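Report on one structure; see the data block that follows.
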Amino acid sequence: AGEFDTGADNVALTVTGDVDIATAGTLTTNASAVTVGAISATGNGTYNATTHANGTIINSRHSSLGRGLSMGSVDRLVHNNGKIVFQGASALQGILINGTATSSVGLYDVEINSTAAADCSLMGAVDIYRNLTIIEGELSTHSTQNYALTVDGDCIVGNGSGSANTAILDGNASAISVGSLAIDTDGKYIATSGTTTITSERSDGYAINHDGNFVHSDGTVLITTPATTLLDLLATGNLYNLTINHGSCVARMVAHTTIDNDVTVTAGTLNTAYDVNVTVTGDVSVSGTFGLADESGAHSFGSLTIESGGTHIATSGTTTITKNTGTTLSGSTDRAMAVHGSGTFTHNKGIMKFTASSADIRVLSQSTTNNPFYDVHFTNLGIWASDVNNFIVLNNLTLDDGLQFNGAGGYAVVKGIMFLNGGNFNHAGICNNDNNNINFIDMSGGVLRLTDNSGTPAAIDITVGGIRKTGGSITTA
């Protein structure tokens with residue numbers, strides 16, 4: 001019991017070993033310079049932290065507990081807006097403080113600045129009221145226990161003064177939530193294999209500013225900030241999954257971006273600036289809004305699914321679709337592109353280029369004014385899966401290996417030129433509709449099939465403004 005107070009003169013306090021604050025005991029450090037080996041508070045013992053600019057420096061681990069900081073409750077640490085600095089130890093320096101930090105108690109600012117033989121690890125879930133800064137050394141959320149880490153303010157990994165991977169945050173399989181994430185050139189974030197949630201943005205307007213090393217661990221980054229915010233994701237290592245999920249969020253990619261798996265816009269908006277290129281190797285699913293009308297960068301997606309109520313504004317450049325892994329209305333995953341229900345596709349006078357094998361696309365209720373394409377290029381066989389809808393292309397259609405209609409009632413309307421370079425137009429002869437209407441056909445190869453696949457093939461009519469044939473053949477009944 002009792003109190004130890006460094007006094008109005010703020011005399012420095014240095015303890016090379018342990019500071020144990022027992023029940024009813026209080027250590028008050030005012031604005032003193034404080035360096036200790038470890039701090040432990042039991043019962044209702046309380047540490048009144050220093051407001052000194054250097055913070056409370058903890059440079060070792062408790063002789064029996066093995067922790068740099070050990071407190072049963074956040075109430076035992078009155079932070080006074082001061083920071084706690086962990087400098088590592090000869091063995092792993094543990095951090096334990098239970099509960100949620102507030103404006104008065106718990107961890108306010110935390111700094112990891114370790115050149116010791118061993119770095120720091122959580123020994124329980126940790127909540128930080130303001131910022132976490134890792135200057136040097138590593139903070140782990142625990143390699144087997146995967147304790148949750150919550151940082152209400154900024155999570156800053158590295159400060160640009162060291163060599164690569166000087167500062168490391170290892171998320172293991174923990175639940176990670178931070179206000180913003182900044183990875184400097186000497187920083188490395190080994191992302192949790194679960195979800196890293198970004199709830200706000202830094203004062204410079206960035207939710208994520210990645211200039212260092214990002215190891216994705218097959219995890220998901222979830223943006224839930226309500227702000228219009230910036231994403232700089234161009235450095236070593238890519239995100240695996242990226243999800244936007246706040247109705248007021250407008251997340252803008254301001255550097256060339258590659259996502260190693262999926263992008264999901266559940267709510268809110270994801271777009272680009274400066275005409276940057278975007279590559280998503282997996283699936284893009286849009287229930288909010290993805291895209292911006294005045295952008296012309298090259299985009300490449302594994303597949304594109306626009307859910308009912310979602311909007312995709314295509315780049316005015318080229319969007320390349322590489323796989324048949326998007327979601328159909330029945331829930332199967334075998335579609336290159338789909339627009340469901342009241343989903344909206346805005347072509348932006350761009351090119352939709354399908355390189356998937358037998359690229360399967362379906363746009364419900366397409367017309368010249370509802371979700372039409374502008375330019376379409378199939379490098380392999382294209383499949384129009386809407387059996388009773390017309391396939392509308394307002395400018396040019398390029399077929400390198402033909403086009404198949406998956407229903408007898410499907411047909412094509414091409415307002416510009418259809419370049420038939422190979423394969424069969426009306427592959428497999430499924431279409432028996434007489435409403436195909438093509439402004440001009442330029443044939444250099446392939447087969448213009450004007451018959452169906454009935455036992456006695458019947459002719460189908462096609463309206464053509466003109467034709468130029470330098471190769472290929474025309475099949476009629």
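Source: prediction; values computed, not measured. Keep in mind that the numbers below use all heavy atoms, side chains included, and drop hydrogens, waters and symmetry copies.
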#### Entry: Check: Asn380/Ser357 side-chain N/O donor and acceptor closer than 3.5 Å
no

### Query
Side-chain donor-acceptor pair under 3.5 Å between Ser114 and Asp119, yes or no?
yes

### Query
If we only count heavy atoms from C-beta on, is the Asn371 to Thr344 side-chain gap below 4.5 Å?
yes

### Message
Could you walk me through whether Val78 and Tyr47 satisfy the side chain to side chain contact (heavy atoms under 4.5 Å, CB included) test, starting with their C-alpha distance in whole Å, then the side-chain angles of each, then the deciding distance to 0.1 Å, before giving a yes or no?
### Response
CA-CA 6 Å; Val78 179; Tyr47 175 48; over 6 Å; no

### Task
Would you please indicate yes or no on a ring centroid separation below 6.0 angstrom for Tyr147 and His142?
yes

### Message
Any side-chain to backbone donor/acceptor pair from Asn48 onto Thr28? Under 3.5 Å, distance only.
### Response
no

### Query
For Ile183 and Lys188, which heavy atoms make the closest approach, and how far apart are they?
CG2-N, 4.0 Å

### Message
Name the residue from Thr258, Thr281, Asp260 that meets the side chain to side chain donor-acceptor pair (under 3.5 Å) definition with Asn238.
### Response
Asp260

#### Entry: Nearest non-hydrogen partners of Leu394 and His347, listed with the distance
CD1-NE2, 3.6 Å

### Message
Please check: side-chain N/O of Asn59 versus main-chain N/O of Thr35, any donor-acceptor pairing under 3.5 Å?
### Response
no

### Task
Could you tell me whether the side chain of Leu107 reaches within less than 4.5 Å of the side chain of Ile84, counting heavy atoms only?
yes

### Query
If you look at every heavy atom in His79 and Ala49, which pair is closest and at what distance?
O-CB, 3.7 Å

### Main-chain N/O of Asn172 paired to Asp170 side chain as donor or acceptor, under 3.5 Å
yes

### Task
Say whether Asn324 and Asp334, considering side chains only, have a donor N or O and an acceptor N or O under 3.5 Å apart.
no

### Task
Using only heavy-atom distances, determine whether the side chains of Thr225 and Thr229 contain a donor-acceptor pair under 3.5 Å.
no

### Task
Evaluate the side chain to side chain contact (heavy atoms under 4.5 Å, CB included) criterion for residues Asp375 and Thr318: first the C-alpha distance (whole Å), next the side-chain angles of each, then the deciding distance (0.1 Å), finally the verdict.
CA-CA 9 Å; Asp375 282 324; Thr318 299; over 6 Å; no

### Task
Grab the two heavy atoms, one from Leu92 and one from Ser121, that are nearest each other, plus how far apart they are.
CD2-CB, 3.6 Å

### Proximity of Phe419 and Phe440 rings by center, below 6.0 Å
no

### Query
Between His210 and Gly237, is there a donor-acceptor pair closer than 3.5 Å when you use the side chain of the first and the backbone of the second?
yes

### Query
Between Gln87 and Ile58, is there a donor-acceptor pair closer than 3.5 Å when you use the side chain of the first and the backbone of the second?
no

### Summary
Nearest heavy-atom approach of Tyr274 to Val254 is CD1-O, 3.6 Å

### Message
Pairing donors with acceptors under 3.5 angstrom, does anything connect the side chains of Asn165 and Asn213?
### Response
yes

### Message
Going by side chain to side chain donor-acceptor pair (under 3.5 Å), His377 matches just one of Thr355, Asp400, Thr398, Asn396. Which one?
### Response
Asp400

### Task
Could you tell me whether the side chains of Asp154 and Ser180 share a donor-acceptor contact shorter than 3.5 Å?
yes

### Query
Do you see a donor-acceptor pair shorter than 3.5 Å between the side chains of Thr6 and Asn30?
yes

### Message
If we ignore hydrogens and angles and just use 3.5 Å, is the side chain of Asn390 paired with the main-chain N or O of Val413 as donor and acceptor?
### Response
no

### Task
State whether a side-chain donor-acceptor pair under 3.5 Å links Asp211 with Thr185.
no

### Task
Answer yes or no: are there more than 12 heavy-atom neighbours, outside Lys83 itself, under 6.0 Å from its atom NZ?
yes

### Query
Counting only N and O atoms by type, is there a donor-acceptor contact under 3.5 Å from the side chain of Gln93 to the main-chain atoms of Gly88?
yes

### Query
Please walk me through it: do Glu136 and Thr166 pass side-chain hydrogen bond (donor to acceptor under 3.5 Å, both in side chains)?
CA-CA 5 Å; Glu136 189 168 357; Thr166 295; 6.0 Å; no

### Message
Between Asn98 (side chain only) and Gly72 (backbone N and O only), is there a donor and an acceptor less than 3.5 Å apart?
### Response
yes

### Query
Once the angle between the rings of Tyr129 and Tyr108 is folded into 0 to 90°, is it parallel (under 30°), tilted (30 to 60°) or perpendicular (over 60°)?
parallel

### Query
Going by heavy atoms in the side chains, are Met71 and Ser73 under 4.5 Å from each other?
no

### Query
Is there a donor in the side chain of Asn159 and an acceptor in the side chain of Ser161, or the other way round, less than 3.5 Å apart?
yes

#### Entry: Ring-ring centroid check Trp384 Phe391, cutoff 6.0 Å
yes

### Task
Could you tell me which non-hydrogen atom of Ala173 sits nearest to which non-hydrogen atom of Ser193, and how far apart they are?
CB-OG, 3.4 Å

### Query
Cut-off 3.5 Å, side chains only: do Ser342 and Ser308 have a donor facing an acceptor?
yes

### Task
Apply side chain to side chain contact (heavy atoms under 4.5 Å, CB included) to the pair Ser40 and Ile21, showing each step before the final yes or no.
CA-CA 6 Å; Ser40 171; Ile21 308 171; over 6 Å; no

### Query
Is it true that a side-chain atom of Ser217 and a backbone atom of Gly219 form a donor plus acceptor pair closer than 3.5 Å?
no

## Note on the structure
The reported gap from NE2 in His246 to CD1 in Ile244 (rounded to nearest 0.5 angstrom) is 12.0 Å

### Task
Spell out, as yes or no, whether a donor-acceptor pair under 3.5 Å connects the side chain of Asp360 to the backbone of Gly326.
no

### Query
In terms of side-chain heavy atoms, does Asp283 have a donor or acceptor partner in Ser303 at a distance below 3.5 Å?
yes

### Query
Going through the distances and angles, do Ile176 and Tyr189 end up as a side chain to side chain contact (heavy atoms under 4.5 Å, CB included)?
CA-CA 12 Å; Ile176 306 287; Tyr189 176 41; 3.8 Å; yes

